[in-house]
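Here the structure is laid out as structure tokens; the discussion comes afterwards.
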Amino acid sequence: MKGLVYHGPGKRSWDEVPDPTIEAPTDIVVRIDTSTICGTDLHILKGDVPACRPGTILGHEATATVVEKGSAVTTLEIGDRVLVSCITSCGRCRFCKEARYGQCIGGGGWIFGHLIDGLQAEYARVPFADTSVYKIPAQLDDEEVLFLSDILPTAYEVGVLNGRVEPADTVAIVGAGPIGLAAVLTAGLYTPAHIVAIDFDDGRLARAREFGADVTINNRDGRALAEVMELTGGLGADVAIEAVGLPETFELCTELVRPGGRIANVGVHGHSATLHLETLWIKDVTITTGLVDTRTIPQLLSLIEGGRLDPTVLATHHFSMDQAMEAYEVFGNAAKSHALKVVLEGTGVANKRNTKVEVTASA
Ligand SMILES: NC(=O)c1ccc[n+]([C@@H]2O[C@H](COP(=O)([O-])OP(=O)(O)OC[C@H]3O[C@@H](n4cnc5c(N)ncnc54)[C@H](O)[C@@H]3O)[C@@H](O)[C@H]2O)c1
Ligand SMILES: [Zn+2]
Ligand SMILES: [Zn+2]
């Protein structure tokens with residue numbers, strides 16, 4: 001089969017690789033029907049994630065069809081359409097039992113396209129299948145659920161839920177990339193009084209407005225703090241969600257927030273940021289951090305089924321899976337291409353709605 005292989009910093013190619021096989025009785029092998037590229041894949045390609053060894057197939061988001069199953073898999077059948085979570089759960093360790101799947105110490109956690117071969121490929125091996133994939137409701141298209149692998153639960157769990165967004169809150173979201181925009185979509189579920197999106201990119205701010213932000217601020221001129229204070233009568237935002245991953249955007253969040261407010265950090269940080277305790281100690285603020293657990297996938301699926309949430313608005317470009325190299329160019333050049341999420345479509349037919357398809361095993 002073919003897959004998008006990481007060959008060390010700056011190097012990737014679409015290679016012929018061995019077909020995945022069942023290695024443990026709890027594994028399944030899937031045919032990938034749709035996949036997508038994450039900002040984290042670009043971090044890996046920059047060399048920021050040394051644990052990802054050259055030779056690894058990238059990608060941690062997919063919808064797929066089961067083509068083979070191990071002898072211990074009890075809840076899935078060949079031909080089932082499944083959403084593969086970016087987080088694998090062993091289902092048995094202390095953290096999995098607390099639904100903190102991201103912290104799994106039983107062999108799961110974020111492993112796809114990181115510690116094991118990922119999902120930007122024709123086929124993939126999925127460990128701990130019973131506890132790590134979700135059956136796709138028959139009436140939903142693959143593209144309607146694809147972004148539940150990672151960015152929707154990330155923005156929702158690590159941003160909106162950690163930030164304890166409540167009705168009538170003013171929620172300031174710093175960063176209007178796919179994660180920040182997914183935070184705009186899911187913060188809206190709580191009917192805040194204001195959703196403020198802050199970025200440098202006017203195109204992305206325009207999307208934030210389409211998705212439910214009522215105030216957008218281009219912070220190139222450093223106006224964000226003053227504008228949020230003006231909007232809130234000098235108090236500050238109830239919740240500040242950091243969705244960039246830079247010291248200055250984290251520090252901006254700590255300035256934007258009101259006394260008693262919550263700062264929810266979502267961004268992946270490569271450098272230390274300064275925590276200004278000399279001004280914060282008196283403000284009763286809560287700061288949270290986190291890796292996504294994807295424990296809210298069932299809830300988000302219900303919202304999509306009920307017509308309350310439509311993640312397809314995040315898809316800006318479509319490619320066939322074998323155009324993955326080109327898709328990386330487009331995604332990596334978002335300033336020019338205006339890409340948010342690119343959808344990679346497998347050659348199978350299961351990316352069409354409601355089909356329990358006949359499939360042949362990959363091996
Ligand atoms: N915690 C988790 O589990 C988790 C999971 C996935 C992604 N992430 C992280 O979330 C962050 C956002 O992801 P994304 O895919 O949306 O990234 P992205 O790079 O597409 O978006 C970041 C946005 O921030 C804007 N920006 C950059 N500098 C800015 C500044 N100084 N002020 C205001 N805006 C600025 C950019 O214009 C861009 O629109 C990344 O750090 C990513 O690694 C975290
Ligand atoms: Zn990701
Ligand atoms: Zn576990």
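Everything numeric in this text was worked out from a predicted model, so none of it was measured. Numbering of ligands and ligand atoms starts at 1, following listing order. Computed from heavy atoms alone, side chains included, the values below leave out hydrogens, waters and symmetry copies.
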Any chance you could measure Glu242, atom CD, to Ile198, atom CD1, to the nearest 0.5 Å? 11.0 Å

Going by the atom numbers of ligand 1, which of them fall below 4.0 Å from some non-hydrogen atom of His43? 43 (O)

To make sure I understand the geometry: which N, O or S atom in Asp150 is closest to the Zn ion (ligand 2)? OD2

State whether the side chain of Asp169 and the backbone N or O of Val171 hold a donor-acceptor pair below 3.5 Å, judged by distance alone. no

Any N or O of Val266 that comes nearer than 3.5 Å to an N or O of ligand 1? yes

Would you say Asp238 and Glu166 make side-chain contact, with heavy atoms under 4.5 Å? no

Let me check something: do Leu4 and Leu344 share a hydrophobic cluster, defined by ILVMFWY side-chain heavy atoms less than 4.5 Å apart, either directly or through other members? yes

I'd like to know if Arg125 pairs up with Glu68 as an ion pair, taking the criterion as any Lys NZ or Arg NE/NH1/NH2 lying under 4.0 Å from an Asp or Glu carboxylate oxygen. no

Closest non-hydrogen contact found for Val165 with Ala187 is CG1-O, 4.3 Å

How far is atom 18 (P) of ligand 1 from the closest protein heavy atom, and which atom is that? Arg204 NH1, 3.9 Å

If the cut-off is 2.8 Å, does any N/O/S atom of Cys38 fall short of it from the Zn ion (ligand 2)? yes

Numbered atoms of ligand 1 (with element) below 4.0 Å of Leu291, judged on heavy atoms: 3 (O)

Donor-acceptor pair, distance only, cut-off 3.5 Å: does the side chain of Lys341 make one with the backbone of Phe147? no

Would you find a donor on one side and an acceptor on the other, under 3.5 Å apart, between the side chain of Asp117 and the backbone of Ile57? yes

Angular separation of Cys93 SG and Cys96 SG about the Zn ion (ligand 3), given to 10°: 110°

Hey, looking at atom 16 (O) of ligand 1, which of Thr40, Asp199, Ile179 has the closest heavy atom? Ile179

Is it true that a side-chain atom of Ser132 and a backbone atom of Phe128 form a donor plus acceptor pair closer than 3.5 Å? yes

Identity and separation of the nearest protein heavy atom to atom 4 (C) of ligand 1: Thr154 CG2, 3.5 Å

Give me the nearest non-hydrogen protein atom to atom 17 (O) of ligand 1 as residue plus atom name, then the distance to 0.1 Å. Pro178 CD, 4.5 Å

Taking every non-hydrogen atom, the tightest pair across Ala124 and Leu119: CB-CD2, 3.6 Å

Might you point out which heavy atoms bring Ala213 and Val184 nearest each other, and give the distance in Å? N-CG1, 3.6 Å

Gly290, any N or O under 3.5 Å of ligand 1 N or O: yes

Just need the protein heavy atom nearest to atom 22 (C) of ligand 1, so name the residue and atom and give the distance. Ala243 O, 4.0 Å

Within ligand 1, which atoms have a heavy atom of Gly175 less than 4.0 Å away? 24 (O)

Does Thr249, backbone or side chain, put an N or O under 3.5 Å from an N or O of ligand 1? no

Heavy-atom contacts under 4.0 Å between Leu246 and ligand 1: side chain, backbone, both, or neither? side chain

At less than 4.0 angstrom from any non-hydrogen atom of Gly267, what atoms of ligand 1 do you find? 9 (C), 10 (O), 11 (C), 41 (O)

Do Gln103 and Glu98 come within less than 4.5 Å of each other through their side chains, counting heavy atoms only? no

N/O separation below 3.5 Å, Val268 to ligand 1: yes

Does the protein put a heavy atom under 4.0 Å from atom 32 (N) of ligand 1? yes

Taking N or O atoms only and a 3.5 Å limit, does Val244 qualify as a polar contact for ligand 1? yes

Below 4.0 Å, non-hydrogen atoms only: which portion of His269 touches ligand 1? Side chain, backbone, both or neither. neither

Would you say ligand 1 has an N or O under 3.5 Å from any N or O of Val292? yes

Of the options Asp41, Thr36, Val5, which is the one that meets Gln120 in a side-chain contact (heavy atoms from CB on, under 4.5 Å)? Asp41

